[in-house]
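If you're wondering where the values come from, they're calculated on a predicted model, not measured in any experiment.
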Amino acid sequence: MTTETFEFQVEARQLLQLMIHSVYSNKDVFLRELVSNASDALDKLRLEKLRDDSLDADVSDLHIEIDVDKDARTLTVRDNGIGMSYDEVGQLIGTIANSGTATFLKELREAQDAANAEGLIGQFGVGFYSGFMVADEVTLVTRRAGESQGTRWTSRGESTYTLEKVDDAPQGTSVTLHLKPADPENQLHDYTSPWTIKQIVKRYSDFITWPIRMVPESGDGEDAPEPETLNSMKALWARSREEVSNDEYHELYKHISHDWREPLETIRLQAEGTFEYQALLFVPSHAPHDLFTRDFKRGVQLYVKRVFIMDDCEALLPPYLRFVKGVVDAQDLSLNVSREILQQDRHIRMMQRRLTKKVLSTVKEIKAKDTDRYATFWREFGTVLKEGLVTDSENRDAILAVASFATTHAEDEPTTLAQYAERMKDGQEDIYYITGESRQSIENSPHMEAFRDKGIEVLLLTDAVDEVWVDAVGEYEGKKLRSVAKGEIDLDGEKDEKADGEREKRAEEYAGLLGWMREQLDEDIKEVRLSSRLTVSPACVVSDAHDLTPALENMYRAMGQEVPRTKRILELNPGHPLVKNLNQAYQEREDRSGLVESAELLHTLAVLAEGGQPKDPARFVKLVADRLERTL
């Protein structure tokens, strides 16, 4: 047969040179591309046969075959699918993505790193050419189903390629790669190794619908062994729930997550309509140790038509659901879409919204039906889920519906905001909370005294994120979320003229002391006032209603943000003997220099009582030691 030689387009030659000279760090993807092309060809033949029963094509054993020849150093990927005609080879293969090559080249050159460049392969129909990453020469032999004559295409990936018609080509397409020498340092593996081939197929193409077969090596004098099927073809997410056992789901979870424990919950989702996809998600039974580290790998595996595209696809779930593992298989995405394109794709955003709502609704069902499993979930993942209260206003109500918090109502039973609201006392308008490092420390905080005395329930929030989400949420069903350690607190409810009169009298009595202490402690506080929240302790420090708390200031500083130091408010308990005596001494003495240290000590004790640190620990110790010495 006559062989014709053609020249590549200028852009096509540039593209080939970029591929040949290792633009892509992970060269294993060439096999994924060839297997994916073969799978598409089998899908097309099956559809064509359904449409036209008279088509002269054998569909009795559709499959993909991989053949290696160690001596000749060749690898062949063969399918018995739809195949291509002579003209189609020239159009589809010879010109390299007959439209879009220039755009592909531009994006390829602008890719920030190898991972981004790798994500572009296949997007413009150039997946076939990934073979030149590992081969010095590529030969394609194909015959379209229903035709009698085949075509051979050959190129060394330089300036030309050849086309010739052949008579003995089988139905389908075979791509033979004349492999380059193995070069492990350049991520160029030995692709004649059966073990390497099996690993790549298992990683990228395990759930391809069609069997991927490879003939094992045989010893001298042995009969040719039967072909071995390399892929499981078990796309569990595409099978009905009745066809899959829990053990099979759990094995898939362990394979995906590398977690030896069984998952807490399995979530299935199948979306049909204009954009079809299936999802199989898993909620782990325990939090990974690195869940809150910067390098934590989040996201689920993304497949397109059962072809593995990427691990840890972050675009499919928000960061606060980063503990969820699983698989999403989309039908209408391009193969090898990059992470940047995924972030902008409207279908991906639609999938993220649907998957997020599905996970949250599943947690809500667990909460309603199985208190033990819900307790496990919230213990392991409650802290990270609460991040969504800050970042995801769209689903804030759904997150609040599954969130629970420690409370003074019961020591061992957390409560929801809905339950808190049901228990609110007559006349109580706000939901009260306090934040701190531990339950014990904040339960013993002086800020809690009046609430404990009056039996008003308080939420006890001990996670770092609690400092942030309460401000972001602000209220629940019209009830304001209010810190017991911020602003002025009035727990008396209805107006009481007698009580008001007593407060005014006390304010006049202590006015001098309050003003004097404000001047003495000017570096640390912005106001001194009488307290309505203290019943036992002599003093406490509180933040103004709209100021940052010390914990929040420290959190921002730990993140490298400059936050100006906020002066706080010192509240005194006028019923405490220490405060009464200090006020009496202030009124009786003309020389009040000896009271300065007492005022300083009183303020420092208030800071210590809420878990803070003295501004000058050494001076505080000296003052206390001096006072103790005088009493002995």
Checklist entry - Are Asp616 and Lys622 ion-paired here, with the side-chain N under 4.0 Å from a carboxylate O? => result no
Checklist entry - Backbone N or O of Ile366 within a donor-acceptor pair of the Asp370 side chain at under 3.5 Å? => result no
Next on the checklist: In the structure I gave you, are the side-chain heavy atoms of Phe451 and Val484 within less than 4.5 Å of one another anywhere?
Outcome noted: yes
Next on the checklist: Quick check on Lys364: does its NZ atom have over 12 non-hydrogen neighbours (other residues, nucleotides or ligands) under 6.0 Å away?
Outcome noted: no
Item to check | Salt bridge flag under 4.0 Å for residues Asp466 and Lys386 | outcome: yes
Checklist entry - Which one of Arg423, His409, Glu457 satisfies the side-chain hydrogen bond (donor to acceptor under 3.5 Å, both in side chains) criterion with Thr415? => result Arg423
Next on the checklist: Let's go through Arg261 and Ser285 carefully: what are the C-alpha distance in whole Å and the side-chain angles of both, what is the deciding distance for side-chain hydrogen bond (donor to acceptor under 3.5 Å, both in side chains) to 0.1 Å, and is it a yes or a no?
Outcome noted: CA-CA 7 Å; Arg261 306 183 209 192; Ser285 58; 5.4 Å; no
Next on the checklist: Main chain of Gln440, side chain of Glu443: is a donor-acceptor contact present, judged purely on distance under 3.5 Å?
Outcome noted: no
Checklist entry - Is there a donor-acceptor contact under 3.5 Å from the side chain of Ser532 to the main chain of Ile489? => result yes
Checklist entry - Does the pair Lys479/Glu429 count as a salt bridge with the N-to-O cut at 4.0 Å? => result no
Checklist entry - Any donor-acceptor pair under 3.5 Å linking the side chain of Thr371 with the backbone of Lys367? => result no
Checklist outcome for this item: Looking only at heavy atoms, the pair that brings Leu602 and Pro538 closest together is CD1-CB, 4.0 Å
Item to check | Any Asp259 side-chain heavy atom under 4.5 Å of His286 side chain | outcome: yes
Checklist entry - Can you check side-chain contact (heavy atoms from CB on, under 4.5 Å) on Asp522 and Arg518, steps first, answer last? => result CA-CA 6 Å; Asp522 180 64; Arg518 163 73 178 80; 2.5 Å; yes
Next on the checklist: With a 3.5 Å distance limit and no angle check, can you tell me whether His576 reaches the backbone of Thr535 through a side-chain donor-acceptor pair?
Outcome noted: no
Checklist entry - Do Asp463 and Thr383 pass the side-chain hydrogen bond (donor to acceptor under 3.5 Å, both in side chains) test, and can you show the C-alpha distance, the side-chain angles, and the key distance before you say yes or no? => result CA-CA 7 Å; Asp463 293 325; Thr383 301; 3.1 Å; yes
Item to check | Spacing of OH belonging to Tyr432 relative to CG belonging to Leu459, to within rounding of 0.5 Å | outcome: 12.0 Å
Checklist entry - Looking at residues at least two apart in the chain, or sitting in another chain, which of them share a side chain to side chain contact (heavy atoms under 4.5 Å, CB included) with Arg268? => result Arg241, Tyr249, Leu280
Next on the checklist: Could you check whether any side-chain heavy atom of Lys486 comes within less than 4.5 Å of a side-chain heavy atom of Val542, counting everything from C-beta outward?
Outcome noted: no
Checklist entry - Can you tell me if CD on Glu413 sees more than 12 non-hydrogen neighbours from other groups inside 6.0 Å? => result no
Checklist entry - Within the side chain of Gln301, is there an N or O that forms a donor-acceptor pair under 3.5 Å with the backbone of Asp312? => result no
Checklist entry - So which heavy atom on Pro446 is nearest to which on Leu534, and how close? => result O-CD2, 3.3 Å
Item to check | Over all atoms of both residues, closest heavy-atom pair of Ala330 and Tyr277 | outcome: CA-CB, 3.8 Å
Checklist entry - Once you round to the nearest 0.5 Å, how far does CZ of Phe323 lie from CZ of Phe296? => result 9.5 Å
Next on the checklist: Assess whether a salt bridge exists between Asp524 and Lys615, defined as any Lys/Arg side-chain N lying under 4.0 Å from an Asp/Glu carboxylate O.
Outcome noted: yes
Next on the checklist: For Trp237 and Phe207, take the angle between the two ring planes, folded into 0 to 90°, and tell me which bin it lands in: parallel under 30, tilted 30 to 60, perpendicular over 60.
Outcome noted: perpendicular
Checklist entry - Of the non-hydrogen atoms in Val300 and Val327, which two are nearest, and what is the gap between them? => result CB-N, 4.4 Å
Item to check | Cationic N near anionic O, under 4.0 Å, Glu387 to Arg322 | outcome: yes
Item to check | Non-hydrogen atoms of Asp471 and Glu467 that approach each other most closely | outcome: OD2-O, 3.8 Å
Item to check | N/O donor-acceptor pair under 3.5 Å between Glu248 side chain and Ser245 backbone | outcome: yes
Checklist entry - Is there a side-chain contact (heavy atoms from CB on, under 4.5 Å) between Lys325 and Leu281 once you walk through the steps? => result CA-CA 6 Å; Lys325 301 297 181 183; Leu281 305 178; over 6 Å; no
Next on the checklist: Checking the side chain of Arg592 only, and the main-chain atoms of Tyr586 only, is there a donor and an acceptor separated by less than 3.5 Å?
Outcome noted: yes
Item to check | Ion pair check, Lys480 and Glu475, cut-off under 4.0 Å | outcome: no
Checklist entry - Under 30°, 30 to 60°, or over 60°: which ring-plane class applies to Tyr374 and Trp378, parallel, tilted or perpendicular? => result parallel
Next on the checklist: Taking the ring of Trp469 and the ring of Tyr433, is the distance between their centroids below 6.0 Å?
Outcome noted: no
Item to check | Working for side-chain contact (heavy atoms from CB on, under 4.5 Å), residues Leu385 and Leu321 | outcome: CA-CA 7 Å; Leu385 195 71; Leu321 293 180; 3.6 Å; yes
Next on the checklist: Looking at Glu600 and Arg619, is there a salt bridge between them, counting it only when a charged N and a carboxylate O are closer than 4.0 Å?
Outcome noted: yes
Checklist entry - What pair of heavy atoms forms the shortest contact from Pro263 to Phe282, and how long is it? => result CG-CD2, 4.0 Å
Checklist entry - More than 12 non-hydrogen atoms from neighbouring residues, nucleotides or ligands closer than 6.0 Å to CD on Glu437, yes or no? => result no
Checklist entry - Going by an N to O cut-off under 4.0 Å, is there a salt bridge joining Asp392 and Arg396? => result no
Checklist entry - Can you check whether Gln278's main-chain N or O pairs, donor with acceptor, with Asp329's side chain at less than 3.5 Å? => result no
Item to check | Straight-line distance of Leu521 CG to Lys567 NZ, nearest 0.5 Å | outcome: 10.5 Å
Item to check | Polar side-chain atom of Thr416 near backbone of Ser404 as donor-acceptor pair, under 3.5 Å | outcome: no
Checklist outcome for this item: Rounded to the nearest 0.5 Å, the CG atom of Leu572 sits from the NE2 atom of His603 at a distance of 10.5 Å
Next on the checklist: As a quick check of understanding, evaluate salt bridge (charged side-chain N to carboxylate O under 4.0 Å, His left out) for Arg503 and Glu508, giving each step before the final call.
Outcome noted: CA-CA 9 Å; Arg503 277 196 292 267; Glu508 292 178 8; over 6 Å; no
Item to check | Point-to-point distance, once rounded to the nearest 0.5 Å, from CE of Met517 to CG of Leu595 | outcome: 10.0 Å
Checklist entry - Are Arg533 and Glu449 within salt-bridge range, i.e. N to O under 4.0 Å? => result no
Checklist outcome for this item: When rounded to the nearest 0.5 Å, the distance separating NE2 of His250 from CG of Asn246 is 5.0 Å
